[in-house]
There are 2 protein chains.
Amino acid sequence: MHSTTKLLRFDESRATSGITDIYASPCMACSARKACVSNLFSAQESLQFEQLVVGRRRVARHASLYHEHDRFEMLYAVRYGQFKLLSRDANGSQRVAQFCMPGDLVGLDAIATGRHNFRLMALENSEVCEIPFAGVTKMMASEPAIQRRFLQSMSLALNDQYGRSSLLSLASLDERFASFLLQMGERYSRLGYSEKSFRLSMTRGDIGSYLGTTVESVSRLVSRFNAQGAVSITGRTVDLIDRDHLLSILSSEDPPFQAASNNLSGSRH
Amino acid sequence: MHSTTKLLRFDESRATSGITDIYASPCMACSARKACVSNLFSAQESLQFEQLVVGRRRVARHASLYHEHDRFEMLYAVRYGQFKLLSRDANGSQRVAQFCMPGDLVGLDAIATGRHNFRLMALENSEVCEIPFAGVTKMMASEPAIQRRFLQSMSLALNDQYGRSSLLSLASLDERFASFLLQMGERYSRLGYSEKSFRLSMTRGDIGSYLGTTVESVSRLVSRFNAQGAVSITGRTVDLIDRDHLLSILSSEDPPFQAASNNLSGSRH
DNA sequence: CGCAAAGTTGATTAGGATCAAACTCAGTGG
DNA sequence: CCACTGAGTTTGATCCTAATCAACTTTGCG
């Protein structure tokens with residue numbers, strides 16, 4: 001089914017000598033380390049965790065790591081590259097539910113049903129770590145640190161979605177797009193890259209889908225934000241010139257004094 | 001701080017005789033049982049689980065069980081009544097992020113940070129079970145069934161939010177409102193009530209906030225849906241007369257044939 | 001090089017937000 | 001008992017944001 005993905009054994013390159021070698025620990029050498037579940041483990045815990053990772057898988061640009069209704073067996077941690085999580089709505093058209101960056105733990109939504117609810121498609125050539133869920137539950141029982149970290153990751157994923165809901169229910173397009181740009185910057189910075197200059201790997205259509213709007217509107221937003229000097233976006237190259245201006249877009253929209261206590265008069269536009 | 005809530009000891013009414021009595025098991029006697037984390041446990045597991053519940057708390061209508069930034073120590077399972085989960089946006093106005101019904105497990109979002117990110121306010125006089133999180137993590141390590149069930153609950157919560165995001169990004173107001181009504185019906189039916197006739201405990205303003213629209217629009221939706229004969233809503237009393245019509249609203253909107261594979265042309269309106 | 005996918009820009013339109021006003025209903029105190 | 005109050009709700013009129021339709025340009029891949 002996933003003919004475009006390739007399996008790599010995780011241990012292939014691991015040193016088996018008794019000599020302590022930082023590069024014997026794949027997680028320590030991984031560029032996604034700082035954003036990954038495996039972060040903040042002690043050397044001891046890290047070794048435990050690495051036993052969970054049974055392999056890696058390369059996914060070519062535009063190939064899918066899994067599809068909706070596929071049986072759920074693995075969680076995946078993105079090593080490099082980027083993905084989009086696609087949901088199918090009542091009609092049958094696809095929507096981008098999320099963008100996945102290195103360090104992200106993917107597949108948590110499938111725990112409930114045992115089947116994947118989304119399709120995970122690579123936006124560029126990517127690689128993930130394969131983490132069998134059965135192993136995770138077993139190790140969560142014996143290793144408190146690993147239990148804590150997985151629960152944290154799930155809670156974090158939940159918060160991400162709360163954030164997205166709130167963004168979508170709340171914001172004008174300007175707010176949504178500003179928020180999107182800032183969020184991408186923040187995610188890059190967490191990986192150790194610049195938070196102001198980065199390259200998007202998704203199309204305008206993907207962005208529109210994610211933000212609940214259309215290609216045309218995204219294109220207009222780009223043009224307008226460029227013209228206002230808040231950003232410099234050419235093609236997929238992004239420069240956040242005036243972050244404060246972007247931030248001010250978020251908290252703009254008539255903040256008179258303080259809203260009444262039980263009053264839900266959140267205004268749009 | 002929460003002067004309006006009242007603490008009840010959980011074991012107060014529990015029989016201590018050796019006689020097996022179904023009512024000695026509070027979960028078995030709970031009306032929210034079928035929708036609760038505690039569902040589907042064996043008698044043995046159920047007893048284990050009940051040890052986690054250190055007490056109950058009553059929350060008066062309009063009182064808050066917790067606020068943003070409160071320290072996170074407990075998860076709560078709603079026993080009866082209803083709550084709204086309120087988030088605060090960039091400006092300071094509040095938004096309804098979720099409605100919580102009996103059986104819902106609340107507070108999972110706070111695991112990541114150790115602090116609550118929302119305010120949980122009772123829509124009517126309500127009661128929750130208090131489940132210290134420390135106890136949960138401990139018992140998850142030793143009781144596989146309980147671990148499985150909690151992970152399931154978290155995954156389910158995540159899916160709920162994916163669903164909400166998709167709803168908000170996708171739908172016209174008609175679709176959102178139809179979806180809201182069907183969802184409420186489904187939740188009531190899961191508790192053993194009618195899925196077609198129920199009473200809402202939230203205001204139009206709350207609904208509007210939840211659906212990302214305004215009070216006025218909700219009111220107009222009510223009027224129009226009533227006029228079309230799909231529903232009969234007077235005040236907060238809801239009757240879903242023509243569920244098929246509501247369902248057809250969801251999958252309406254020009255489904256020509258089948259969208260192209262990589263094409264994200266999901267249309268609005 | 002040539003073609004398809006991706007992106008931009010313009011003109012028109014419609015769905016909902018906003019503003020304004022009236023009405024219902026439950027409580028409250030004179 | 002009833003007028004007063006204020007939250008909740010409904011309805012109408014107007015305006016504006018962003019969807020839609022259409023044409024065109026640019027990019028990038030085979």
Side-chain angles (χ1 to χ4, degrees), chain A residues 60-62 84 93 96 121 123-125 168-177 199-209 211-227 233-238 249 252-254 256 259-269, chain B residues 61-62 84 93 95-96 121 123-124 168-178 199-209 211-227 233-238 249 252-254 256 259-269:
Chain A
R61 185 178 138 91
H62 289 158
K84 59 180 173 184
S93 49
V96 175
M121 186 190 275
L123 292 168
E124 48 188 282
N125 294 330
L168 287 168
S169 76
L170 212 150
S172 70
L173 277 192
D174 281 30
E175 291 175 85
R176 288 187 222 172
F177 190 54
R199 209 153 194 301
L200 298 172
S201 51
M202 70 290 281
T203 69
R204 301 282 193 265
D206 289 334
I207 298 173
S209 179
L211 295 179
T213 182
T214 60
V215 205
E216 296 95 321
S217 290
V218 173
S219 188
R220 276 184 247 274
L221 284 164
V222 169
S223 305
R224 191 148 42 79
F225 278 34
N226 272 336
I233 304 178
T234 50
R236 299 195 181 173
T237 308
V238 176
I249 289 175
S252 68
E253 326 293 303
D254 55 276
S261 74
N262 198 19
N263 180 17
L264 291 172
S265 59
S267 60
R268 288 166 73 93
H269 309 296
Chain B
R61 183 176 138 95
H62 289 158
K84 59 179 172 183
S93 49
R95 287 261 148 187
V96 175
M121 186 190 275
L123 292 169
E124 47 189 282
L168 288 168
S169 76
L170 213 150
S172 70
L173 278 192
D174 281 31
E175 291 175 84
R176 289 189 221 172
F177 189 55
R199 218 160 183 295
L200 298 172
S201 51
M202 71 289 284
T203 68
R204 302 281 193 264
D206 289 334
I207 298 172
S209 179
L211 296 180
T213 183
T214 59
V215 205
E216 296 96 323
S217 290
V218 173
S219 187
R220 277 184 246 275
L221 283 164
V222 169
S223 304
R224 192 148 42 79
F225 278 35
N226 272 336
I233 304 178
T234 51
R236 301 197 178 171
T237 307
V238 176
I249 291 174
S252 68
E253 324 296 302
D254 56 277
S261 73
N262 197 19
N263 179 18
L264 291 172
S265 59
S267 60
R268 290 168 72 93
H269 310 294

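Just so we're on the same page: letters track the sequence lines, and every chain starts at 1.
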Expressed as a whole number of angstroms, how long is the span from A/R61:CZ to C/dA5:P? 13 Å
Could you check how far CG of B/D174 sits from C1' of C/dG16, rounded to whole Å? 11 Å
Sorted by chain and residue number, the side chain to side chain donor-acceptor pair (under 3.5 Å) partners of A/S201 (sequence neighbours excluded) come out as A/Q82, A/E124
Interatomic distance, B/F177 CZ vs C/dG15 P [rounded to whole Å]: 18 Å
Side chain to side chain donor-acceptor pair (under 3.5 Å) partners of A/R224, counting only residues at least two apart: A/D174
Along nucleotides 9-15 of chain D, 5' to 3', which nucleotides get a B, which get an S, and which get a -, given that the test is a protein heavy-atom distance under 4.0 Å? SBBBB--
Please report the C-alpha distance between B/R204 and B/V222 in whole Å, then the side-chain angles of each, then the deciding distance to 0.1 Å, and finally whether the side-chain contact (heavy atoms from CB on, under 4.5 Å) criterion is met. CA-CA 10 Å; B/R204 302 281 193 264; B/V222 169; 3.9 Å; yes
Whole-Å distance between D/dG28 P and A/E124 CD? 15 Å
Rounded to whole Å, how long is the line connecting atom CG of A/L200 with atom P of C/dA6? 15 Å
Return the value, rounded to whole Å, for the distance between atom CG of A/L173 and atom C1' of D/dA18. 6 Å
Rounded to the nearest Å, what distance is computed from the NE2 atom of residue A/H62 to the P atom of nucleotide C/dA5? 11 Å
Do B/D206 and B/L123 come within less than 4.5 Å of each other through their side chains, counting heavy atoms only? yes
Do B/S172 and B/E175 pass the side chain to side chain donor-acceptor pair (under 3.5 Å) test, and can you show the C-alpha distance, the side-chain angles, and the key distance before you say yes or no? CA-CA 5 Å; B/S172 70; B/E175 291 175 84; 3.3 Å; yes
Without hydrogens or angle criteria, can the side chains of A/T237 and A/T234 be said to hold a donor-acceptor pair below 3.5 Å? no
How many Å lie between CD1 on A/I207 and C1' on C/dG7, as a whole number? 11 Å
